[in-house]
Every structure is written in C-alpha cells, then in structure tokens.
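Take a look at the structure set out below.
First the proteins, then the strands, lettered A, B, ... as listed; each starts at 1. Values reported hereafter were calculated over all heavy atoms of this structure, with side chains retained and with hydrogens, waters and symmetry mates removed.
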Protein chains: 2
Amino acid sequence: MARPRTFDEERALDAAMRTFWEKGYEATSTQDLCDATGLGRSSIYNTFKSKHDLFERALARYIDSMTSTQLAVLEERRLTAAERIRTLLAMVVDGETEHRAGGRSLGCLTVNTTVELAARDSRAAGMLERDTARRLAALRAVLEEGRRDGSITSRRDAGALARFVNAAIGGMRISSQGGADRSALESIADVTLDALTA
Amino acid sequence: MARPRTFDEERALDAAMRTFWEKGYEATSTQDLCDATGLGRSSIYNTFKSKHDLFERALARYIDSMTSTQLAVLEERRLTAAERIRTLLAMVVDGETEHRAGGRSLGCLTVNTTVELAARDSRAAGMLERDTARRLAALRAVLEEGRRDGSITSRRDAGALARFVNAAIGGMRISSQGGADRSALESIADVTLDALTA
DNA sequence: CAAGTTTTGAACTGATCGATACATAACGAA
DNA sequence: TTCGTTATGTATCGATCAGTTCAAAACTTG
C-alpha cells in the first residue's frame, strides 16, 4: 500500500557488481554506482545501507554464481576427475577471455577483493575465506576420487593438490590481468594438469 | 649554496613503498604518505611531482629489488635448473611469511598493482609488463638449461613452463593473502615442481 | 656577517567523497 | 477520492581528497 519501486533490485546489483569488478572498491564512487545502475542516490541508499553494504551484496552475488557454476562441473559424474579439473580450468580460460574492459581482462572479483580488501575488511575477508574453504573441499573430493578412478596419479596429498589447483587458477587470473592471451592461459592450464598426473 | 634536505630520499621512498604495499594506491592518502615518511606535504611535493609520481618511483624500486634478487637466484651456476626454481619458490614462501601486517600477508606489490591499476593506469601497466617479460625470459632460459642438464624432464615448451611457474608464484601470493599458511604454500611449491618433472 | 637559494611548516584551495534531509511524486487500500 | 506509505529527485551536509601558496627558517657561499 505504497509507491512501488520502478527498478529491479537484482539488475541493480548486477550493475554494481560489474562496476566493482572493473574498478575495484575504492576507485568506485557512489556516483559511479548511480550511473551504472541508473538509480538516484536516494534509491540506492534506500535499498542498501551504504556503499560497503552494496559491495557485500554484490560480492556475495558474484561468489554465489561463480562458485556454484564451478562446483557443478566438479560434480559432473560423467567425467573422470581429471577431466573435471580440465573442464574447470577451461572455464577459467573462457571467463578471462570473455570478461574484458578496455582491452584487458577484469580478472576475478574474489581474487581482486582478496588483494584490495582482505587485509583491512574482516567482513569481506570472512566471505572470501568461506568461499575458499568450499572450493578447496570440492577440489579435494574430486582429487581423491581421481585417485580411485585412476585419472589422478600424483602421490601427493589430496589437500595439497587442491590448494595447488586453487592457486593455479588464481595465478592464471593474475597472468590474464597482466596481459597473457588465451593461448598462454591454455598452456598454463596444460602444465597445471601435468602436475596432477606426475 | 642553499638549505639542504633533512631527510634521506631513499628512506622516504621505502616508507612510501611499504604504505602502498600495505594499503594499495587508492586507499593510501597523501596524509598517510606524510605520516609514513615523516615528511611534510611541502617536502613530498617538492621532491616528487605528485602522489602518482611517488607511486611510480616506489613501484620501480620494488620491482628493481625484487626482480634482481630473484634473477640472481636463477643465474646461480652451482645449482641445477630445478634446484634454482625450487630455491626461487622457497624465497617466495619466505617473503610471504615475512611481509605481514595485521596478521595477514601483504602479498606482492607487483601482483597487487596488476589487480588494482593495470587496467586503467597505462604507465604502471607498462612497468609491470616489462618486468613480467624480464622474469619470463629468465625463467625460460633456466628451464631450457634444465632440459639440457636433465633436471627438467617435462616435454612441454620452455615458454609454457615459464608462464606456468610465473603464474604459480602469483597463485601462491594470492593464496597467502587469502590466509594460506607456510605449510600450505610449501605444498603448493612442491606440486608446482612436480609439473616440471612430469 | 650578508646575500642568495632552497627547504620546510601551516594555512588554504576547489573538488569530490560517502551519506543525509526533505519536499514532492506515485502508488495501494479504504 | 482521500489517506497512509514509500520511492524518488534535488540540494546539501561535513569530511577528506590531492595539490598549492607563501612566509619564515636554514643553510652555503662570498
């Protein structure tokens, strides 16, 4: 029984997420967020408590969509464990190739946030840590399965291999932001897989 | 024939570098730089043209010291190629363990700058690209040598292996900033080396 | 000591920051 | 249609931003 909103909150959140992804948290002004979402300041502050609250919601949205997509691949029963990891790395290559602005890769919002904020924003750091724990657990499960199905022949501890794969993904994203092209990323993925079958 | 400076420019540069390293470029205010260096605003603007100029000098200093230290290891003739890579990765682990603030690793200023600024600061991006090219060339030379001395048995192209090692280092730094402890980093380094002998 | 040059500290600039106040517009319920 | 409520646009808040101005201080040289 009151005036309804004229915008879609989810779409606004997507626009804000993209802006934080492109420019980072500090370099994004509230005016940038107004421009990107098409909302006025009042609407933004009426819907979200603050710039930081909006950032947390945007980061949560990014983590949700990104990690759930990746975990789905890791649970694909029709593939061997090694094939799942290979597919995951191929998805990272595709993502880095797709998400660009100004001729450069945007990288990954979780990696970018780890670098920019983890040290001085404990709430963001907590979100990132929980996401990392989830990803590592899923990777570990797949790698243990790979030991059983024979597609992962490395004798290393599955937890160590999981941390390695997770680090390799981060390294690929950094390399991409630093200018590495698709074929460079593909070769990094290939060598990464070598380590699992060493 | 004029009033001399009462501060050491190199020490000021070190203090500024540390501040940018800890907080990032955007989150570092000129007041932070005054506090960290102990200098007044006039002295800073009299010595450096701007905040951005000071940042470039600080980044150049970081790149110089970091890369020259690492390249020295890669040229250590008494070690096999694989041993040099192993030593390099151990140095990264040590660096991440040492350089901390607020209970968290600071990561690496070049990685941090790649994430925060490469997309919209072409001067910084250029400095980082030249540094990456130097590092990749050195890694590639070592890996080719490893093929000859037998310590690197991977059949992959040396350029691909070089990009892989460089990415792995970046991934270790991100992992460290995300909360990975020393033993986690060591295990990532171990698996990274496995890929070179696959 | 005095002239000449540079450094230094403090006050200050306009711009922009994140956030708020408030009046008005726009809707649903009665 | 009228009331109650929420959304929205505008104007503005105090704080802080990077950077400048300027006079006084401090040194070297003659």
Less than 4.0 Å between a side-chain N and a carboxylate O, is that true for [Y] and [X]?
| X | Y | result |
| --- | --- | --- |
| A:R57 | A:E9 | yes |
| B:E75 | B:R84 | no |
| B:R104 | A:E129 | yes |
| A:E76 | A:R86 | no |

Atom pairs and distances, donor-acceptor, side-chain atoms in residues 164-175 of chain A, under 3.5 Å, two or more places apart:
{"residue": "A:N166", "atom": "OD1", "partner": "A:R135", "partner atom": "NE", "Å": "3.4"}
{"residue": "A:R173", "atom": "NE", "partner": "A:E96", "partner atom": "OE2", "Å": "2.7"}
{"residue": "A:S175", "atom": "OG", "partner": "A:G171", "partner atom": "O", "Å": "2.9"}

Discussion item. Walk along nucleotides 8-16 of chain C from 5' to 3' and tag each nucleotide B, S or - by protein heavy-atom contact under 4.0 Å, base first, then sugar-phosphate.
Written reply: BBB------
Worksheet item: With hydrophobic residues grouped by side-chain heavy-atom distances under 4.5 Å, do B:L109 and B:V111 end up in a single group?
Response: no
Worksheet, complete the sentence: When every non-hydrogen atom of A:A138 is compared with those of A:L71, the smallest separation belongs to CB-CD2, 3.5 Å
Worksheet item: If you measure from CZ on B:F55 to NZ on B:K51, what distance do you get to the nearest 0.5 Å?
Response: 9.5 Å
Item to complete: Tell me whether the OP1 or OP2 atom of D:dG19 has a side-chain N or O from B:Y45 closer than 4.0 Å.
Response: yes
Item to complete: Please list, by residue number, the residues of residues 48-57 of chain A whose heavy atoms come closer than 4.0 Å to an atom of DNA chain C; answer none if no residue qualifies.
Response: A:S50, A:K51
Worksheet, complete the sentence: When rounded to whole Å, the CG to C1' distance for the pair A:D8 and D:dA7 reads 16 Å
Worksheet item: What is the distance from CG of B:L33 to C1' of D:dG19, rounded to the nearest Å?
Response: 13 Å
